[in-house]
S.K.: 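I have a structure here, written as structure tokens, and I will follow up with some questions on it.
Quick caveat: nothing in here was measured; it's all calculated off a predicted structure. In what follows, chains carry the letters A, B, and so on, assigned in the order in which the sequence lines appear, proteins first and then strands, with residues in each chain numbered from 1.
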Amino acid sequence: MVLDLSGLNDAQRGAVTAERGMHLVIAGAGTGKTRTLTYRAAWLVDQGVSPSKILLLTFTNKAASSMMTQAGGLMGPEVQGLWGGTFHSIANRLIRQDGKVVGLDTTYSILDSEDQRDLVRATVRETLGKLDHFFPAPRVLVNIFSYAFNRGCSLERSLADKVPLAVDYIEKVESVRTAYEERKRAANCLDYDDLLIYWLRLLDDKDTWAEMGRRFTEVLVDEYQDTNTAQGEIVERIAQANGKRLMVVGDDCQSIYAFRGAHYQNILGFQDRYPEAKIHRLEENYRSTKQILDLANAVILNNPGQYHKTLRPARPTHGPRPKVQPLPNGMGEAAWIARQVVDAHQAGTPLERMAILYRSHSHSTFLQADLLKRNIPYEVRSGLRFFEQAHVKDVVAFLKILQNPDDEVAWTRVLGMCPGVGPKRASKVRAWVKGEERPFEKMADGASTAVLPPSVRSTWMRFESDIADLHRAHKNKKPLGDLVRMVARGVYSEYLETKYQNPRNRLQDLDQLGILADGYKTLSAFLSELILLGELYGTDLLKGGTDDRLVLSTIHRSKGLEWDLVWVVRTSEDAFPSPMGLKDEEGEEEERRIFYVAATRARRQLIFTYPLLGQEWGGAGQGGGGSIISRPSRFLTEGKDFVERVGRTRPSRPIW
DNA sequence: ATTAGATGAATTTTT
DNA sequence: TTCATCTAAT
């Protein structure tokens, strides 16, 4: 393979062909970050490094998949050998393989955030009983635990940061965490953070640490500004083991995951920690017009602590100034944008080159309703993922108990589907399972019904026999898709029909799930990837038909992507910056970075809209809530010299 | 003793 | 739309 580097600019080429060692690439939005990183990987292979010795890490799945696609374009089939993915998915691959070294039972299940919440809820109920109203909700507790780990700080600090009103509960919160950890261990379940914890444990072990250094002679990290303390530590320990061969790429201005413990100090401090590291700067922007970059640069300048780089357009591209359009209300906003989309489409821009972005998923509801009404094909990249839909999780729960019979969360879910069985009776059956040597074999004879009252025995018996059949099919190495189909056609189908109003659509999803499952060799690989790569499915697999679809996405999930036309909705003071985000000191700066990310997604045209009437809370029903006149977002005010405001609908009222 | 159904409240961002 | 708690029914 001879790699053609002529398409790169000097700065990019410098980074790509730099001698092997420690490198920090500071790269603004649209400057070819991922390109540089994938060329680097291809260049290393060109230099004789085996692809299987290169570890490419990113923070999100989308970034990982676009990186692997690009790398595949450069190096062809050799890309197969590359170790590329998110921190969590790589962690899973490594500890499934070697977890035994650190005392892990490698048939573990992975908990998603809903599972975590359920388990925490059960733990709270059992350890604390009744609580007063101000004790943090399970969902919040999960956040607090996770934030403490990802930031590497104490639980108390985390609690004070996230829920200052609840600091007095610290002891109770601590006891819940202890009990939760214990419960996970008993159920042989790992949550997202545990995946990283066990990777760190592997690195604690001298031998596996050294082995890891030999295994990955080159480490490349994308979106480094989004790494948190734990991830930063993983990267650095591997680098210490492999003779400091590490390249990290990032943009401190695009650090938007502080709520998860990411800190752009990680990237700012890199030079201090590694004085020998070589710094590369990419400032030539290949994406946007000058008018868009001017706005982005002007707004981010209001963040004092940021590395100041000015994005320059690589080519002299000009276009219209970004526009600001106030509209009467949320529905008007949606309708106006939809009309613009239609116009642009008729003028020749494919839908897939346009996107509508928003701060929070809830801002998309009016848009979805309007697009549906007009028959405009769209794809939503926020909210529930394929895997997170209740019916998919239901079926997956059946499969999870086959892989890991100790999985309390999955058992509880399955048991809860049986009428007459709630939390209490479920725990009796779980206790029975734990006590049996071969629970599945015994279930074929209806053995577990003994612990239930007579009234529910016959119903549960049918669940039992389904589970026993599944177990047998799995032992006989039936294709994984068959297992999915067995569940979907068994007792579960009755549950599905009664529980959900749209059973037909859901059954179609389950067909897709079966097809997806057929592509995997092992149950464990299927289950892990479903959870860890969840967002990659759903949209791609399910909505057949046209490929030309408009994208609706949260700004967070839009990172790293680009479109010709971008609308950013709800850019009013009451929605963006998000009121929630302004709680602490650094909140405003983070919101400003989010705004920066949104603006720099656009290639040719950028349009901000906001509703003059504030959020309508309860929908159509109660007319109580919002008749407050909104003001445009402070970020638009900061960039007012670089935007054009159009269609003032309230001439008497000064908008700026 | 448990569960199921109803009522009232709340809502950022991701692995 | 989803979540927690209260109350009625089994």
S.K.: Nearest whole Å is fine: how far is B/dT2 C1' from A/K424 NZ?
M.R.: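 Computing the A/K424:NZ to B/dT2:C1' distance gives 8 Å.
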S.K.: Between atom CZ in A/R139 and atom P in B/dT13, what is the gap in whole Å?
M.R.: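 Atom-to-atom, A/R139 to B/dT13, this comes out as 9 Å.
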S.K.: Is there a donor-acceptor contact under 3.5 Å linking the side chains of A/N92 and A/Y108?
M.R.: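 There is such a pair between these side chains.
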S.K.: Round to the nearest Å and state the distance from A/F576 atom CZ to B/dT11 atom P.
M.R.: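 The distance from CZ of A/F576 to P of B/dT11 comes to 20 Å, rounded to the nearest Å.
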S.K.: Are A/T554 and B/dT14 close enough that a side-chain N or O sits under 4.0 Å from OP1 or OP2?
M.R.: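 Yes, such a contact exists.
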S.K.: Need one value for A/P419: base, sugar-phosphate or nothing, where a base atom within 4.0 Å counts as base even if backbone is also close, heavy atoms only.
M.R.: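 Sugar-phosphate, backbone atoms only, no base.
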S.K.: Taking atom P of B/dT13 as reference, at what distance in whole Å does atom OH of A/Y358 sit?
M.R.: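 Taking atom P of B/dT13 as the reference, OH of A/Y358 is at 10 Å.
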S.K.: Could you tell me the separation between the CZ atom of A/R121 and the C1' atom of C/dT2, rounded to a whole number of Å?
M.R.: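 Between C1' of C/dT2 and CZ of A/R121: 11 Å.
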S.K.: A/S578 side chain: which of B/dT12, B/dT13, B/dT15 is closest?
M.R.: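 So the side chain of A/S578 is nearest to B/dT12.
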S.K.: Just checking A/P453: base, sugar-phosphate only, or nothing, at a heavy-atom cut-off of under 4.0 Å?
M.R.: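 Result for A/P453 = nothing.
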S.K.: To the nearest angstrom, how far is A/D574 atom CG from B/dT12 atom P?
M.R.: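 My rounded result for the distance is 15 Å.
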S.K.: Provide, to the nearest angstrom, the distance between the CG atom belonging to A/N143 and the P atom belonging to B/dT11.
M.R.: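 It is 13 Å, rounded to the nearest whole Å.
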S.K.: Should the ring pair A/F526 and A/Y520 be called parallel, tilted or perpendicular, given that the plane angle runs from 0 to 90° and is split at 30 and 60?
M.R.: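 If you compare the ring of A/F526 with that of A/Y520, the planes turn out tilted.
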S.K.: Classify A/R117 by what it touches in the nucleic acid, base, sugar-phosphate, or nothing, heavy-atom distance under 4.0 Å.
M.R.: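 A/R117: backbone/sugar contact only, no base atoms under 4.0 Å.
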S.K.: Run the ring pair (Phe, Tyr, Trp, His ring centres under 6.0 Å) test on A/H556 and A/Y257 for me, step by step, so that the C-alpha distance in whole Å, both residues' side-chain angles and the decisive distance to 0.1 Å come before the verdict.
M.R.: CA-CA 8 Å; A/H556 280 83; A/Y257 285 99; 5.2 Å; yes
S.K.: With nearest nucleotide decided by heavy atoms, which residue, A/G416 or A/E590, maps closer to the 5′ end of DNA chain B?
M.R.: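 Residue closer to the 5' terminus by nearest nucleotide: A/G416.
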S.K.: If you compare every side-chain N and O of A/R557 against the phosphate oxygens of B/dT14 (OP1, OP2), does one of them come in below 4.0 Å?
M.R.: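 For A/R557, the contact criterion (side-chain N or O under 4.0 Å from OP1 or OP2 of B/dT14) is met.
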S.K.: If you go through the side-chain atoms of A/R425, does one of them form a donor-acceptor pair with the base of B/dT2 closer than 3.5 Å?
M.R.: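 Not at all, since no donor on one side and acceptor on the other fall under 3.5 Å apart.
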S.K.: At less than 3.5 Å, do the side-chain atoms of A/R359 and the base atoms of B/dT13 form a donor-acceptor pair?
M.R.: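 Indeed there is one.
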S.K.: Could you state the CG-C1' distance from A/L452 to B/dA1, rounded to the nearest angstrom?
M.R.: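 These atoms are roughly 14 Å apart.
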S.K.: For atom CZ of A/R157, is the number of surrounding heavy atoms from other residues, nucleotides or ligands below 6.0 Å larger than 12?
M.R.: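 No, not enclosed.
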S.K.: Side chains of A/T412 and A/R430: is there a donor and an acceptor less than 3.5 Å apart?
M.R.: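 Yes, side-chain donor-acceptor contact under 3.5 Å.
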S.K.: Ring stacking, A/F259 with base of B/dT13, under 5.5 Å and under 30°?
M.R.: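 Stacked: centres under 5.5 Å apart, planes under 30°.
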